[in-house]
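Numbered from 1 within each chain, the chains take letters A, B, ... in sequence-line order.
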2 protein chains.
Amino acid sequence: MATKSRIKTEARPTSTVEQYIKVIFSQQERAEGEIVGMKQLADAMAVTPGTATSMVKHLSARALVDYTPRKGVLLTATGRKLAVTMIRRHRLIETFLEQVLGYDWTEVHEDAEALEHAVSERFIERIDTYLEYPQTDPHGDPIPDSSGAIERRLSVPLDRCSEGDQVTVVRIGDEDPEFLILMKEHMLTPGEVFLVTEINPTAGTLSVCHIESKALFTLGLAAGARILVAPIH
Amino acid sequence: MATKSRIKTEARPTSTVEQYIKVIFSQQERAEGEIVGMKQLADAMAVTPGTATSMVKHLSARALVDYTPRKGVLLTATGRKLAVTMIRRHRLIETFLEQVLGYDWTEVHEDAEALEHAVSERFIERIDTYLEYPQTDPHGDPIPDSSGAIERRLSVPLDRCSEGDQVTVVRIGDEDPEFLILMKEHMLTPGEVFLVTEINPTAGTLSVCHIESKALFTLGLAAGARILVAPIH
DNA sequence: ACTAAGACTTTGACGCATCAAAACATATAA
DNA sequence: TTATATGTTTTGATGCGTCAAAGTCTTAGT
């Protein structure tokens with residue numbers, strides 16, 4: 001595809017590489033720095049384990065990951081830097097789609113996913129300026145700054161709170177529109193304040209009460225794990 | 001690359017296919033519906049003729065072009081529709097980059113080229129709305145509406161004017177930033193009014209005078225062919 | 001300690017988009 | 001009409017990203 005003028009086009013990773021790196025990063029996050037196995041990675045990328053293995057070798061050759069055969073991968077410093085760049089892109093694009101183009105919070109993810117592999121650095125810097133350097137995206141996730149620094153938010157999954165806790169919603173995972181729509185219906189959006197009224201490990205449910213509207217809502221513990229909150233002291 | 005959930009993802013053409021179709025369309029335009037040869041196409045796509053041949057067979061199998069071996073290709077109705085869709089995307093994106101993100105007229109093309117293959121239809125409709133349905137892009141090219149209708153502008157290449165003609169600049173081809181920067185320096189931008197002061201076929205030059213500033217500018221006839229103007233009666 | 005279950009790797013294949021180089025066709029000029 | 005130049009097609013190869021299936025290693029369970 002027409003990459004004309006051979007004046008040293010400084011190679012950007014393919015979008016596949018970018019995607020793997022992002023996924024490895026989030027797996028690593030989710031598991032607190034644990035090494036990421038091939039099955040896990042393959043599942044997250046929706047490919048077969050063999051594909052994951054060969055791709056990981058490739059990433060390893062590019063010095064983006066450390067690969068220990070039969071164990072798994074960890075990002076190198078370079079890989080981590082790329083991951084953070086991608087996350088910055090993704091979150092800025094999501095914010096832009098919501099704030100400027102009027103996308104709904106629940107439909108922003110898919111388009112951002114496609115755009116993040118196509119936009120130039122110039123584009124990203126322009127929207128960052130346009131939005132006046134936003135701190136978080138529509139889901140409440142922090143946006144790394146252009147040097148790659150991420151503001152670490154202290155927050156806990158909703159299912160690890162105790163009955164009687166009063167909490168502010170910090171973030172809600174951004175993958176599944178269905179889930180997001182449901183959460184939105186019950187006002188579970190970043191910034192809203194709730195009281196944890198019941199945790200029932202036997203039934204596998206937890207209930208919260210929206211302070212402002214007094215509305216009650218019960219959800220599964222697994223769903224609760226996808227919602228991060230900050231306790232109010 | 002993770003095209004999960006096999007629920008009939010209605011296949012969008014690859015970006016390569018989109019690119020070929022766009023190029024065939026513009027070659028056809030430029031030559032008033034003449035059949036497009038493989039050399040011509042290969043040059044425009046910056047690939048070898050063999051690549052163009054095999055790609056064209058593929059396009060033909062997808063019913064996007066009519067291919068006559070050893071003669072060339074022409075777009076089918078389907079191909080034309082896709083081409084117009086791509087042109088709409090490209091021009092809306094260019095307009096958006098200029099109007100909203102503050103890109104300069106001269107730097108808009110490259111990013112638009114990358115984005116047009118990544119954006120969703122939703123994205124395009126949102127920016128169209130946001131921009132309030134612009135008629136032309138920053139280069140003065142008409143933007144097809146969502147049904148695919150293009151407003152035909154009557155205009156002639158600057159090099160086909162006569163001495164003494166007074167003209168308004170309608171459009172300036174958008175590929176080459178170098179060229180655009182030079183034109184901009186001399187106020188040759190859409191909407192500006194000029195007087196054609198001299199046409200010299202022997203020297204291969206033409207001179208124009210910017211009405212407002214009285215500035216004179218001489219350029220080659222080939223360059224003149226890239227500038228479309230509307231004569232003022 | 002042995003074995004079965006899972007995780008992991010290898011191998012061979014495929015589709016897309018490309019290239020180089022060889023073979024072929026056509027048009028024009030001599 | 002023949003020769004040459006130019007454009008076109010074919011062929012065989014490559015890199016990327018993928019799969020299926022076969023083979024290998026590791027780990028737990030008894």
Could you measure the distance from the CD atom of Glu113(A) to the CG atom of Leu115(A)? Nearest 0.5 Å is fine.
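These two atoms lie 10.0 Å from each other.
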Could you grab the distance from atom CE of Met38(A) to atom CZ of Arg70(A), nearest 0.5 Å is fine?
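One gets 11.5 Å once the value is rounded to the nearest 0.5 Å.
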Contact string for nucleotides 6-12 of chain D, one letter per nucleotide 5' to 3', B = base within protein heavy-atom range under 4.0 Å, S = sugar-phosphate only, - = neither, reads -BBBB--
Atom [atom1] of [X] to atom [atom2] of [N]: distance rounded to whole Å?
X	N	atom1	atom2	answer
Met45(A)	dC16(D)	CE	C1'	13 Å
Ile21(B)	dA17(C)	CD1	C1'	15 Å
Asp43(A)	dG6(C)	CG	C1'	13 Å
His58(A)	dG17(D)	NE2	P	6 Å
Glu18(A)	dG17(D)	CD	P	11 Å
Gln19(B)	dT18(C)	CD	C1'	15 Å

side-chain N/O [X] vs [N] OP1/OP2, d < 4.0 Å:
X	N	value
Thr16(A)	dG17(D)	yes
Thr48(B)	dA20(C)	no
Tyr20(A)	dC16(D)	no

Report the residue from Val65(B), Val36(B), Leu64(B) that forms a side-chain contact (heavy atoms from CB on, under 4.5 Å) with Leu75(B).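 The side-chain contact (heavy atoms from CB on, under 4.5 Å) with Leu75(B) is passed solely by Val65(B) among Val65(B), Val36(B), Leu64(B).
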Quiz item: With under 30° as parallel and over 60° as perpendicular, where do the rings of His139(B) and Trp105(B) fit, or are they tilted in between?
Solution: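 Aromatic pair His139(B)/Trp105(B) classed tilted.
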(Q) Are the side chains of Val73(B) and Leu59(B) in contact, using a 4.5 Å heavy-atom criterion? (A)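 No; the side chains remain at least 4.5 Å from each other.
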For Tyr103(A) and Glu98(A), which heavy atoms make the closest approach, and how far apart are they?
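Closest pair (atom of Tyr103(A), atom of Glu98(A), distance): O-CG, 3.4 Å.
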